[in-house]
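In what follows, chains are A, B, ... by sequence order, proteins preceding strands, each numbered from 1.
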There are 2 protein chains.
Amino acid sequence: MDLPFDLETFLPYRLNRAAERISLRFAARYRESFQMTRPEWRTLAALGSCGQMTATEIGAHSAMHKTKVSRAVRALEQRRWLKRIEDTKDRRVENLELTPLGRQHYRELVAMAQDYEQTLQTLLGKDALTQLENGLTAIETSMTPS
Amino acid sequence: MDLPFDLETFLPYRLNRAAERISLRFAARYRESFQMTRPEWRTLAALGSCGQMTATEIGAHSAMHKTKVSRAVRALEQRRWLKRIEDTKDRRVENLELTPLGRQHYRELVAMAQDYEQTLQTLLGKDALTQLENGLTAIETSMTPS
DNA sequence: CCATAACTGTCACTTTTGTAACTATCAAGG
DNA sequence: CCTTGATAGTTACAAAAGTGACAGTTATGG
């Protein structure tokens with residue numbers, strides 16, 4: 001029995017490769033302007049766009065391990081970019097929120113993100129981008145945080 | 001000026017999240033059967049499907065950092081799953097090739113991969129999968145190894 | 001030729017990450 | 001109440017990753 005397996009059609013491999021290329025290129029930008037790691041940017045982005053969230057929610061939203069989130073939260077807190085707000089109903093939970101300073105930097109990073117989005121759109125073409133997004137949506141709806 | 005930025009449409013973020021979910025779920029499978037890391041699997045897969053390659057080529061193909069590849073190669077070599085073949089024209093280069101033992105394990109892993117492909121296909125739907133693949137192809141052709 | 005620059009792969013060093021255990025808290029059921 | 005089990009977040013430790021420098025080799029251009 002022979003193997004009709006082609007790595008070029010294997011989704012996990014391709015997806016990782018694409019994500020790595022796209023994400024590292026963007027990370028290189030904010031890294032030198034803000035000395036920020038990827039987990040930190042993702043945490044900031046989640047809070048900036050969703051408002052108040054808990055660490056667990058951030059982890060589910062961004063598919064980051066909880067210790068990664070924990071460390072990113074601490075780093076952002078030390079920069080005074082976010083603050084912890086204790087939950088009145090459940091004292092295990094910490095509600096996280098950007099400070100005005102954090103929101104300000106968030107806006108700057110959003111500008112960079114939008115610029116990069118432009119780059120990607122001209123690079124990939126609008127049609128391919130749409131198809132990609134449809135596929136990602138399917139993943140997001142069917143692969144609930146395992 | 002307000003911000004019409006939506007994280008839910010930002011490609012690097014979404015791509016990473018999807019890749020992480022899809023790839024970790026598969027990694028969990030071969031990890032417990034083979035005690036294999038993701039770089040090791042990717043290296044094995046690249047060699048298994050492309051035949052002889054150099055470390056640099058593997059890195060470009062899989063978007064892995066060269067030290068990651070170097071370590072994965074060493075690990076696979078210690079298992080006797082691959083062998084190094086010196087290049088006659090350029091002595092800096094090491095041509096890498098799977099051993100029969102390596103190919104045997106490659107086949108087992110391919111079977112797992114195909115099984116997972118099935119899972120994904122039923123989970124995501126054939127249509128979404130096709131769109132996703134078209135999008136990935138666009139990335140692959142336009143984002144040459146930076 | 002020779003000097004310089006570029007390239008391949010590895011290593012020491014440092015940083016980042018995951019694992020598993022832990023504290024503190026809450027929830028359910030007797 | 002009290003016990004058991006689950007959950008949120010942190011941490012110590014170990015594993016993995018990136019950085020920068022390196023040795024060895026090849027390419028380029030005087």
Is there a donor in the side chain of [X] and an acceptor in the side chain of [Y], or the other way round, less than 3.5 Å apart?
X       : Y        : value
B:Arg25 : B:Thr119 : no
A:Arg71 : A:Thr37  : no
A:Arg38 : A:Ser23  : yes

Can you give me the closest heavy-atom contact between B:Ala128 and A:Ala138, atom names plus distance?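 Nearest pair, atom of B:Ala128 first, then A:Ala138: CB-CB, 3.4 Å.
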
Looking at every heavy atom in both A:Val69 and A:Gly59, which two are closest together, and how far apart are they?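 So the two residues come closest at CG2-CA, 3.8 Å.
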
Lys/Arg-Asp/Glu bridge criterion (N-O < 4.0 Å) met for A:Asp90, A:Arg92: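 Result for this pair is yes, salt bridge flagged.
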
Assess whether a salt bridge exists between A:Glu140 and B:Arg21, defined as any Lys/Arg side-chain N lying under 4.0 Å from an Asp/Glu carboxylate O.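 No.
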
Rounded to whole angstroms, how far apart are CG on B:Asn95 and C1' on C:dT8?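 Answer to the nearest Å: 12 Å.
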
For B:Lys66, what residues pass the salt bridge (Lys or Arg N to Asp or Glu O under 4.0 Å) criterion, not counting sequence neighbours?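 Per chain and number, B:Lys66 pairs via salt bridge (Lys or Arg N to Asp or Glu O under 4.0 Å) with no residue.
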
All side chain to side chain donor-acceptor pair (under 3.5 Å) counterparts of [X], not counting sequence neighbours:
X       : value
A:Glu94 : A:Arg84
B:Glu20 : none
B:Thr56 : none
B:Arg79 : none

Which atoms of nucleotides 3-5 of chain C (N or O only) lie under 3.5 Å from a protein N or O atom, and what are those distances?
none

Return a single string for nucleotides 15-21 of chain C, one symbol per nucleotide in 5' to 3' order, where B is base contact, S is sugar-phosphate-only contact and - is none, cutoff 4.0 angstrom on heavy atoms. --BBBB-

Pairwise salt bridge (charged side-chain N to carboxylate O under 4.0 Å, His left out) hits with a residue in residues 113-138 of chain A, at least two apart: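 Output for this query lists A:Arg29-A:Asp115.
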
Could you list by number each residue of residues 85-94 of chain B showing a heavy-atom separation from DNA chain D of less than 4.0 Å, or answer none if no residue does?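 Heavy-atom contacts with DNA chain D come from B:Lys89, B:Asp90, B:Arg91, B:Arg92.
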
Out of curiosity, A:Thr130 OG1 to B:Asn134 CG, how far, rounded to the nearest 0.5 Å?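 Going from the OG1 atom of A:Thr130 to the CG atom of B:Asn134 covers 11.5 Å.
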
Pair A:Thr9-A:Arg14, side-chain hydrogen bond (donor to acceptor under 3.5 Å, both in side chains): steps then yes or no: CA-CA 7 Å; A:Thr9 70; A:Arg14 296 183 79 189; over 6 Å; no

Quick one: sort the A:Phe26 and A:Tyr116 rings into parallel, tilted or perpendicular, breaks at 30° and 60°.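 Because their plane-to-plane angle is under 30°, the rings of A:Phe26 and A:Tyr116 count as parallel.
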
What range of DNA chain D does chain B touch, first nucleotide to last, counting atoms under 4.0 Å from its heavy atoms?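 So the outermost contacting nucleotides come out as D:dA16 to D:dT26.
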
Taking the ring of B:Tyr13 and the ring of A:His61, is the distance between their centroids below 6.0 Å?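 Yes.
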
To 10°, what angle do the rotation axes through the five end pairs on each side of the helix from C:dC1-D:dG30 to C:dG30-D:dC1 form?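 Answer rounded to 10°: the end axes differ by 30°.
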
For DNA chain C, which residues in residues 48-57 of chain B have a heavy atom at a distance below 4.0 Å?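 Hits under 4.0 Å, by residue number: B:Thr54, B:Ala55, B:Thr56.
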
